[in-house]
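Below you'll find the structure, written out as structure tokens, and then a few comments.
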Number of protein chains: 2
Amino acid sequence: MASDYKTLTGQEFDRAAFESLLRRKVFLWQSFEPYGAVKGLFDYGPPLETLEAEVINIWRDHFIRHEKMMALKCSMLTPYEVLKTSGHVDKFADYMCKDPKTGEILRSDHLIKDVIEARLKSDREARGEKVEEAEEDLKKKKKQAKAAKAAVKLDDEVRKEYEHLLATLDDCTGDDMGALIKKHDIRNPGSGNEVEPPVSVNLMFQTQIGATGKEPAFLRPETAQGQFLSFQKLLEYSDGQLPMASASIGYSFRNELSPRSGLLRVREFLMAEVEHFVDPESGKKHPRFAAVRDIKLPLLDRKTQSAGGSTPTVTTIGEAVDTKLVDNETLGYFLVRIMQFMQKIGIDQNKLRFRQHMANEMAHYAADCWDCELLSSYGWIECVGCADRSAYDLSVHEKATGTLLKVREPLKKPVQITEWQANLDKKKSGPRLKKDLAKVQAALADLSQEFKEKCSITMEKEGKVEIPVPDLEAGKIELDKEIVSFAKETRTETMREYTPNVIEPSFGIGRILYSLMEHVFWNREGDAARCVMSFKPTVAPVKVLVVPLQKDVKFSPLIAELEQRLDDESLSFKVDQSGVSIGKRYSRNDELGIPFGITIDYESLEGKGFTLRDRDSTKQVRSNLDEILDAIVKMCKGKEGWEDVAKRLPAYEGKEEKED
Amino acid sequence: MASDYKTLTGQEFDRAAFESLLRRKVFLWQSFEPYGAVKGLFDYGPPLETLEAEVINIWRDHFIRHEKMMALKCSMLTPYEVLKTSGHVDKFADYMCKDPKTGEILRSDHLIKDVIEARLKSDREARGEKVEEAEEDLKKKKKQAKAAKAAVKLDDEVRKEYEHLLATLDDCTGDDMGALIKKHDIRNPGSGNEVEPPVSVNLMFQTQIGATGKEPAFLRPETAQGQFLSFQKLLEYSDGQLPMASASIGYSFRNELSPRSGLLRVREFLMAEVEHFVDPESGKKHPRFAAVRDIKLPLLDRKTQSAGGSTPTVTTIGEAVDTKLVDNETLGYFLVRIMQFMQKIGIDQNKLRFRQHMANEMAHYAADCWDCELLSSYGWIECVGCADRSAYDLSVHEKATGTLLKVREPLKKPVQITEWQANLDKKKSGPRLKKDLAKVQAALADLSQEFKEKCSITMEKEGKVEIPVPDLEAGKIELDKEIVSFAKETRTETMREYTPNVIEPSFGIGRILYSLMEHVFWNREGDAARCVMSFKPTVAPVKVLVVPLQKDVKFSPLIAELEQRLDDESLSFKVDQSGVSIGKRYSRNDELGIPFGITIDYESLEGKGFTLRDRDSTKQVRSNLDEILDAIVKMCKGKEGWEDVAKRLPAYEGKEEKED
């Protein structure tokens with residue numbers, strides 16, 4: 001895959017050079033380096049921290065302000081009970097195997113995959129087939145070279161079995177994986193030891209609130225739960241009107257067992273999540289859908305993937321929703337808005353696609369789910385998930401807490417409803433059922449219409465019925481006609497009560513930033529050492545580079561004037577007065593992605609203005625300071641491009657940029 | 001205190017009305033309400049979340065961009081070792097007492113203070129003295145009323161002892177407090193039970209990284225440590241030049257034993273911290289000090305406090321630094337910049353002061369420390385700490401990790417240095433000292449000049465010396481002249497190596513936001529129910545309210561046009577089309593602090609423009625849409641005020657605003 005990945009100018013992507021630049025310009029590093037660094041934790045240096053802030057501001061403007069979403073900030077520390085209800089205590093887990101001799105912890109699926117893939121590779125070598133070197137990255141290759149053994153040919157049948165195993169690994173339970181490890185004698189490749197059977201390990205960071213030990217808590221694994229639990233406040237703030245959406249930008253945590261792939265899988269990460277609440281009976285229409293229906297998207301649907309295809313269909317979102325390729329307007333509207341956001345921040349549109357989840361990838365309650373994937377040198381990476389979570393979350397929290405998490409709205413016309421009812425005798429049921437009363441009441445309310453009708457018949461015949469009560473130890477109870485009766489009753493409803501469905505676009509900011517950095521990285525024609533980060537002016541961490549032609553005190557008053565003017569315009573800038581050539585100074589600041597350069601030369605001293613340089617083309621124009629600042633401000637707001645400025649201001653043919 | 005606190009218009013501050021507004025307009029609430037809410041954790045709803053974002057953007061612009069600080073984002077999860085070194089494992093703790101019968105955990109100092117204060121109050125009542133009701137807030141009063149007992153008069157001597165006890169409580173150790181509890185029979189006021197002796201409880205949230213149990217970690221209690229550990233990267237990014245500053249906006253955690261006072265003491269909080277690194281031999285000058293030296297600040301110094309005073313001296317920062325009232329220029333420069341930031345976001349300047357720490361309040365390594373305190377109905381609250389941390393943090397981390405956390409710079413002129421040296425014999429010391437070699441070497445290097453000189457004399461006389469080696473079990477070692485010699489040597493130094501000092505302005509964003517909300521809250525003359533939140537346009541969560549005169553489809557096209565134009569200008573807005581009167585609609589949106597209102601009336605339909613209303617004065621002007629939008633944009637950027645707009649655009653005398 002790596003070798004297929006090209007830079008925006010069509011060059012081979014050199015990951016070593018890219019990573020070297022990130023280190024050199026302190027974009028990021030592993031946290032706590034002096035203490036030996038911690039895997040899966042990263043610090044952002046000035047360029048990346050500022051890039052993130054710019055991207056977040058665009059996200060806020062694009063989603064929260066433009067869509068009138070309700071911004072929320074919820075706590076990261078989350079009580080045990082909340083995540084028990086949401087399912088995270090039981091299901092947010094990975095299987096791991098322990099190497100009992102070294103104490104190492106290995107993710108079971110990674111272990112199986114790594115070992116089986118190595119055997120298949122060895123088999124291909126033994127058969128003299130071409131091994132796809134490109135699939136492996138450098139480090140892996142070196143590691144394998146060290147442990148290289150003679151190539152081993154497998155039986156045709158075994159080879160087939162291995163290939164099937166890899167294709168179906170994602171569907172395996174812990175027991176399945178345990179069986180595979182035993183059957184195929186899969187060992188820790190590092191030590192050669194047998195490993196213990198897979199054990200499920202929860203991936204949340206656990207802690208406790210207060211000092212009593214009575215308030216166990218986790219660091220949240222997603223920002224969604226706090227938003228669901230704020231449902232009533234949100235409904236209040238939007239005067240009871242749906243659709244409505246909340247949005248939250250905040251940190252989540254995942255205690256990865258063995259973090260890999262740098263920024264793509266980390267233990268502490270910034271998310272931006274939207275919860276869009278919609279009436280399920282509205283057909284999930286979106287009021288602004290008409291404005292986007294002719295916009296085209298690259299959609300890789302479920303059917304194409306099942307058939308082994310990986311080429312997305314480019315189609316308008318209108319057609320995709322009309323043909324039910326995308327389930328509904330709201331989901332479709334968000335896919336478009338996600339793509340537009342990616343365009344605004346400078347993602348390469350040829351490295352973006354939407355991939356529909358396969359049925360087995362989705363949570364059981366999800367109605368449909370599309371990921372926005374970005375292509376990087378690691379392959380296609382999920383950067384935004386856009387799921388229809390149906391009414392799941394609000395329902396489970398309502399059930400667990402007894403708090404109403406529903407919309408109640410007056411019906412336009414009152415409705416007559418005729419339904420079977422189970423009525424407990426108020427006087428007798430209390431003394432007879434005692435502490436089980438509430439549980440029995442709840443169970444009766446949950447019975448289906450058909451079951452209640454049957455009960456009515458049984459009661460008529462036998463004078464008693466048995467009903468299921470899941471919360472009782474026995475799981476059921478027998479009730480006689482003295483305390484319960486079943487009857488068909490008609491009532492008039494004036495209010496409608498329903499649980500909204502939720503459509504959730506969920507952004508992994510770190511992954512988007514990493515992909516963006518890869519997308520804007522390239523090097524000048526014929527010079528691998530002259531790297532450029534072509535950040536859009538709207539997101540570039542530093543906007544302007546000021547370079548006096550050479551070290552000369554004569555320039556000082558002009559530098560001071562420029563500094564003052566740039567500050568007045570709230571533009572971030574850097575002055576590079578070091579002794580090296582102008583070319584070299586531009587070149588090393590291209591690595592920071594500074595989009596514009598202002599050169600102060602001897603003509604500037606004579607009042608003949610300054611030159612303004614465009615990072616990407618290295619072209620220059622010359623004008624007075626007012627014009628130059630006006631151009632920069634407009635370009636940094638995304639209101640003009642360099643083409644516009646180059647038309648307006650006279651070109652300047654300076655000496656060729658050279659590093660000498 | 002509460003009754004002294006006045007709103008910006010000089011009214012009594014009604015905290016109940018204020019809190020009711022915050023609830024009604026969903027500014028904030030306790031997290032996880034459906035699960036019973038958790039103390040010390042708060043969620044921010046749309047108005048407060050957006051206010052925070054605006055305040056943070058101003059902070060970024062005011063400090064990071066304008067001061068060219070290096071923005072950093074460091075991990076919240078922090079390994080045990082880091083916080084062991086920084087001192088937090090041992091010292092970031094509170095003493096608590098357990099009520100063994102109820103299991104309740106009480107902060108020891110709170111417990112003593114509450115009980116003794118209650119006894120003194122009862123004594124004052126018994127003596128018929130006036131009890132200062134104002135000091136107690138409402139809840140406390142009710143609680144006390146419930147538990148009210150007959151007033152008990154104390155002996156004069158006891159009374160004196162109690163008063164002394166309260167004044168010196170802050171200096172007590174855990175044992176001291178244990179003794180006080182025993183001596184004065186202090187019990188849990190809730191249960192009347194005796195409590196267990198004070199135990200130190202660490203206030204950090206503990207967790208672990210990975211699944212091996214070998215990586216204990218905490219949630220950081222401050223954002224500073226990550227910045228110190230990034231020192232080398234920062235120095236690289238600033239080309240080795242000091243002064244330099246890093247800045248970090250991020251969350252910290254404090255596992256309060258019993259959180260009180262709403263937003264003022266919480267378990268999870270946003271901080272903005274600057275670490276300004278400076279050469280201690282530079283006199284801590286600041287290059288921009290000249291530009292601020294005539295600015296006046298309210299300074300409450302140590303001496304005034306010792307004398308029992310609480311009135312700050314208003315003086316220019318230039319004079320304060322000249323007279324050493326404030327220790328140095330850099331500290332002084334930051335005090336001014338902090339005040340300017342507070343002005344920008346709308347803090348009432350009459351409710352701001354700088355208070356110098358008393359000697360016993362400061363960490364042992366701190367050179368000077370000033371808090372920026374804001375007055376709220378809870379009294380004066382520390383919202384920004386501005387401390388000179390000297391070289392403490394970098395030194396301890398360097399010592400613990402062996403990583404160089406110093407600046408090395410070439411000396412302008414090489415320097416001859418003559419010093420006593422201890423030289424180990426290379427051949428013999430290894431075999432003789434074996435594994436202790438490194439420890440002995442380190443101990444020798446740490447010896448003072450005087451000690452080495454003494455050693456030289458002792459060695460001459462006795463042929464052996466004893467030197468302290470703290471890392472050895474014995475704490476010392478005897479060395480003979482075979483393996484060590486002491487001599488006065490002269491060498492030439494070309495490099496200077498030093499540990500920078502750190503000046504740290506540290507902002508508690510939640511406390512600032514809370515104070516700001518109190519500062520901008522008031523109600524219209526003569527109508528306690530018409531509350532207003534006078535947020536400055538620069539920080540107001542929603543900028544514009546659009547109100548059509550009444551419900552009429554004729555207005556729809558104009559509403560749509562306005563929405564489009566406001567969106568084009570990136571202005572956040574709200575349309576209120578509900579059926580109630582204009583006055584009522586303005587009034588209820590004043591509670592959200594929307595600074596500007598645009599009314600669409602029948603004249604608007606005839607092309608006669610719109611009216612623009614100022615929230616604070618309720619005055620209106622009338623003009624066309626271009627002029628109105630231009631005025632709003634300028635006011636939201638802080639470039640114009642309402643006075644400027646009112647001069648330019650014709651006043652509109654509409655019907656008086658009434659709620660009918």
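Chain naming here is simple, since letters A, B, ... match the order of the sequence lines and numbering starts at 1 in each. Just so you know, these numbers use all the heavy atoms, side chains as well, and skip hydrogens, waters and symmetry mates.
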Does NZ or CZ of A/Lys73 lie under 6.0 Å from the centre of the six-membered ring of B/Phe42, at an angle within 45° of the ring axis?
no

Counting only non-hydrogen atoms closer than 4.5 Å, does [X] touch chain A with its backbone (N, CA, C, O), its side chain (CB onward), both, or neither?
| X | answer |
| --- | --- |
| B/Ser578 | neither |
| B/Glu52 | side chain |
| B/Asp61 | side chain |

[X] to [Y] - nearest heavy-atom pair and separation:
| X | Y | answer |
| --- | --- | --- |
| B/Trp29 | A/Leu72 | CH2-CD2, 3.7 Å |
| A/Leu77 | B/Glu268 | N-OE1, 3.0 Å |
| B/Gly210 | A/Asn255 | N-OD1, 2.7 Å |

Looking only at atom types and distance, does a side-chain atom of A/Lys574 sit under 3.5 Å from a main-chain N or O of B/Lys68, one as donor and one as acceptor?
no

Hey, is the main chain of B/Tyr35 close enough, under 3.5 Å, to the side chain of A/Glu81 for a donor-acceptor pair?
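Such a contact is absent between A/Glu81 side chain and B/Tyr35 backbone.
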
Given that the side chain runs from C-beta out, which part of A/Leu257 has a heavy atom under 4.5 Å from chain B: side chain, backbone, both or neither?
side chain

Whether over 12 other heavy atoms sit under 6.0 Å from A/Lys98 NZ:
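No, the 6.0 Å shell around NZ holds no more than 12 heavy atoms from other groups.
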
Charged N to carboxylate O below 4.0 Å: is that the case for A/Glu33 and B/Lys233?
yes

Would you sort out whether B/Glu49 and A/Arg60 count as a salt bridge (charged side-chain N to carboxylate O under 4.0 Å, His left out), showing the intermediate values?
CA-CA 11 Å; B/Glu49 201 278 350; A/Arg60 290 189 75 92; 2.7 Å; yes

